Amino acid sequence: MNFQTLLFSTQNKIATVTINRPDKLNALNATSKSELKQLFEHIKTSNDVDVVILTGAGEKAFVAGTDISELTSLDGNSGKEFSANGQEIFDAIQHLGKPVIAAINGYALGGGCELALACHIRIASENAKFGQPEVNLAILPGYGGTQRLPRIVGVGKAMEMILTGNPIDANEALRIGLVTKVVPLSELMKTANELAQTIASKGQLAIRMSLKAINMTMETPLSEGLKLEASLFGVCCDSSDMKEGTKAFLEKRKANFLGK
Ligand code: COA
């Protein structure tokens, strides 16, 4: 597949998606958003992909936000639509049904931070910087940031980040649980690939059911979440992968998972 603003490659069931506008610090414009939508629709149904790594081109930015030049003409109605459209694309990433690892290689600001928040695992390079600087433009985070950031880092820290617009560095992001690993930039993609390989080596039905159950914590009370967990546990117990995984353990051999 060929795109103007994205690079896409697949190896050993691991897809790498790179947002490729390095001269604009990978800011998301209309083309990149529509290409992201199209590519993730393809990945969702592709038998060649079990895990996705999402990153930015160059050594300076993951994504430095939505493209500010496309904001200036928005009014009340078009602004609402603009926000809902971005939310829909990022929601499709969160509900892809396959794990997406954000490999954050520099600035993750505004829509860039929100894009990382829609991914399932976030790891960062030491030079990464995170922030929701929308208030500097007299807007608020409109691609899910007001909802996902507090759910991931807690209301207090999200309030501070969103109300001040002040960025935080990679170590602070690690401390507050916004990312789970910080590594030198030169090791970022290797680390992301190792994580992806670990996940890809497991029974993929169990991975998909785990994603579904964990995603629901964002949306349901505990009592409903526990019911869902029990029924998804049942789905896994019905699978041939589960029989193979438990049998392989008892026979002291590596499991051969088929994803069903
Ligand atoms: N939208 C559009 N263009 C952007 C952009 C964005 N969000 N972020 C960076 N760019 C462009 C710059 O305009 C510049 O383009 P130019 O070379 O054609 O002038 C290019 O990317 C490089 O950015 P520059 O500002 O020169 O780099 P820097 O190292 O001095 O500063 C940042 C880096 C990230 C601090 C700065 O670019 C910035 O504050 N960007 C906006 C971040 C933001 O507010 N995001 C949320 C938007 S809702």
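Just so it is clear, the values below take in all heavy atoms, side chains as well, and ignore hydrogens, waters and symmetry mates. All of these numbers come straight from a predicted model, not from anything done at the bench. Ligands are counted one by one from 1 in listed order, and the atoms in each one are counted from 1 as well.
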Do any nitrogen or oxygen atoms of [X] come within less than 3.5 Å of a nitrogen or oxygen of ligand 1?
X: L137; result: no
X: K60; result: yes
X: S69; result: no
X: L71; result: no
X: E134; result: no

State, with a plain yes or no, whether a side-chain heavy atom of [X] is found less than 4.5 Å away from one of [Y].
X: I43; Y: V17; result: yes
X: K157; Y: E172; result: yes
X: P141; Y: I162; result: yes
X: Q87; Y: Q147; result: no

| query | Mind checking whether D23 has a heavy atom under 4.0 Å from ligand 1? | reply |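 D23: in contact with ligand 1 (<4.0 Å).
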| message | With the threshold set at under 4.0 angstrom, would you say Q132 reaches ligand 1 through any of its heavy atoms? | response |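 Not so, Q132 does not reach ligand 1.
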| Side-chain donor/acceptor of Q132 to backbone N/O of L163, under 3.5 Å |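 Looks like no, no N/O pair under 3.5 Å.
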| said: Tell me if a side-chain donor or acceptor on N105 pairs with a main-chain N or O of E59 at a distance below 3.5 Å. | reply: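 Checking the backbone N and O of E59 against the side chain of N105, no donor-acceptor pair under 3.5 Å is found.
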| Option set L25, L28, I68, criterion heavy-atom distance to atom 1 (N) of ligand 1, minimum |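 Comparing heavy atoms across L25, L28, I68, the nearest one to atom 1 (N) of ligand 1 lies in I68.
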| For atom 15 (O) of ligand 1, the option (of E70, K24, K129) bearing the nearest heavy atom |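 Among E70, K24, K129, the closest heavy atom to atom 15 (O) of ligand 1 comes from K24.
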| field | Exercise check, heavy-atom protein proximity under 4.0 Å to atom 36 (C) of ligand 1 | value |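 Looking at atom 36 (C) of ligand 1, one finds that no protein heavy atom lies closer than 4.0 Å.
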| message | Quick check on atom 13 (O) of ligand 1 - does any protein heavy atom sit closer than 4.0 Å to it? | response |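 Answer no: nothing from the protein, no heavy atom, is under 4.0 Å.
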| Are there more than 12 heavy atoms of other residues, nucleotides or ligands under 6.0 Å from atom NZ of K129? |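 No, the 6.0 Å shell around NZ holds no more than 12 heavy atoms from other groups.
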| Quick one: which ligand 1 atoms are inside 4.0 Å of a heavy atom on P133? |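 The atoms of ligand 1 under 4.0 Å from a heavy atom of P133 are 43 (C), 44 (O), 45 (N), 46 (C).
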| task | Answer side chain, backbone, both or neither: which part of A27 comes under 4.0 Å from ligand 1, heavy atoms only. | result |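 The part of A27 near ligand 1 is the side chain, not the backbone.
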| Partner set under salt bridge (Lys or Arg N to Asp or Glu O under 4.0 Å) for R151, not counting sequence neighbours |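 Per chain and number, R151 pairs via salt bridge (Lys or Arg N to Asp or Glu O under 4.0 Å) with no residue.
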